[in-house]
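Below: the structure, in structure tokens.
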Amino acid sequence: MAKEEITPSEWQIMEVLWSCREPLTSSQVYKRMQGNVDMSQRMVRVLMNRLNQKGVLGYKVDEQDSRVYHYYAQKSREECVKEKSRKFVDSYFSGNGTNAMAALLQSFALTDEQIKELEDILEKSRDQGRESPDKEGGTHV
């Protein structure tokens with residue numbers, strides 16, 4: 001079975017943990033989210049539990065109080081963005097990354113700096129493709 005995708009509400013919780021870079025209790029996450037989202041403290045706990053079940057969050061039990069859990073990100077933001085991007089391409093472009101990128105590029109006006117950045121990314125991708133073994137065990141040339 002495919003892994004469940006991170007929901008937008010869960011993503012907001014992850015943003016707090018990624019930005020903090022240290023384990024937080026659900027209460028600490030809730031306090032950092034206050035004013036930015038309309039979510040109860042109970043809902044934050046429920047969503048953090050779901051994130052743990054999805055393997056995105058881990059936790060340590062407090063040494064002084066076993067009822068307190070300190071949560072930390074088990075996956076980086078970059079890993080989650082890659083997974084979400086892959087699922088987006090699979091869902092809306094039948095897995096065709098070229099069509100997905102073309103659609104996105106045609107949707108935005110890009111600066112020369114952004115175009116240069118994309119060219120660098122494409123060049124890096126080309127270099128990685130040359131180095132990675134193909135399905136028959138050889139390498140791309």
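With rounding to the nearest 0.5 Å, the separation of CG in Leu17 from OH in Tyr71 is 10.5 Å. Between the CD atom of Glu5 and the NZ atom of Lys84 there is a distance of 4.0 Å, given to the nearest 0.5 Å. Taking CD of Glu4 as the reference point, atom CZ of Arg50 lies at 8.5 Å (rounded to 0.5 Å). Rounded to the nearest 0.5 Å, atoms CZ (Arg45) and OG1 (Thr25) are 10.5 Å apart. Rounded to the nearest 0.5 Å, atoms CG (Asp90) and CZ (Arg86) are 4.5 Å apart. Considering OG of Ser27 and NZ of Lys31, their distance stands at 6.0 Å, rounded to 0.5 Å.
Without hydrogens or angle criteria, Ser91 side chain to Lys87 main chain gives a donor-acceptor distance under 3.5 Å. For the pair Glu79 (side chain) and Ser76 (backbone), a donor-acceptor distance under 3.5 Å is present.
When all heavy atoms of Gln28 and Pro23 are compared, the pair lying nearest together is OE1-O, 4.3 Å. Scanning both residues, Leu57 and Met14, for their nearest heavy atoms gives CD2-SD, 3.6 Å. In this structure, Arg32 and Cys20 approach most closely via the heavy-atom pair NH1-SG, 3.6 Å. Heavy-atom minimum distance, Ile13 versus Val29: CG2-CG1, 4.1 Å. Of all heavy-atom pairs between Tyr59 and Val61, the closest is CE1-CG2, 4.2 Å. Considering all non-hydrogen atoms of both residues, Asp65 and Asp62 come closest at N-OD1, 3.0 Å.
Cluster membership for Tyr30 and Val68, using ILVMFWY side-chain heavy atoms within less than 4.5 angstrom, is not shared. Put simply, Val81 and Leu118 are part of two different groups of oily side chains (I, L, V, M, F, W, Y) that touch within less than 4.5 Å, one to the next. Taking hydrophobic clusters as Ile, Leu, Val, Met, Phe, Trp and Tyr residues chained together by side-chain heavy-atom distances below 4.5 Å, Met33 shares a cluster with Met43.
Under the 30°/60° scheme for interplanar angles, the aromatic rings of Trp18 and Trp11 are found to stand perpendicular.
Residue-environment remark: CD (Glu117) stays at or below the threshold of 12 foreign heavy atoms within 6.0 Å. More than 12 heavy atoms of other residues, nucleotides or ligands shown are found within 6.0 angstrom of CD on Gln34. In this structure, Glu113 places its CD atom where only 12 or fewer heavy-atom neighbours from other residues, nucleotides or ligands lie under 6.0 Å away.
Counting only heavy atoms from C-beta outward, the side chains of Lys60 and Tyr72 approach each other to under 4.5 Å. Between Asp127 and Glu123 the shortest side-chain heavy-atom distance falls below 4.5 Å. Looking at Val89 and Asn99, their side chains never come closer than 4.5 Å, going by heavy atoms from C-beta outward. Using a 4.5 Å cut-off on side-chain heavy atoms (C-beta onward), Lys75 and Glu83 make contact.
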Next item on the list: Evaluate salt bridge (charged side-chain N to carboxylate O under 4.0 Å, His left out) for Lys54 paired with Glu10, printing each intermediate quantity in order.
Entry: CA-CA 11 Å; Lys54 293 177 183 181; Glu10 292 168 342; 2.6 Å; yes
Notebook entry, point to check: Could you walk me through whether Ser26 and Gln41 pass the side chain to side chain donor-acceptor pair (under 3.5 Å) check?
Noted result: CA-CA 8 Å; Ser26 61; Gln41 189 165 356; 5.2 Å; no
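A salt bridge links Lys116 to Asp120: one of the charged nitrogens lies within less than 4.0 Å of a carboxylate oxygen.
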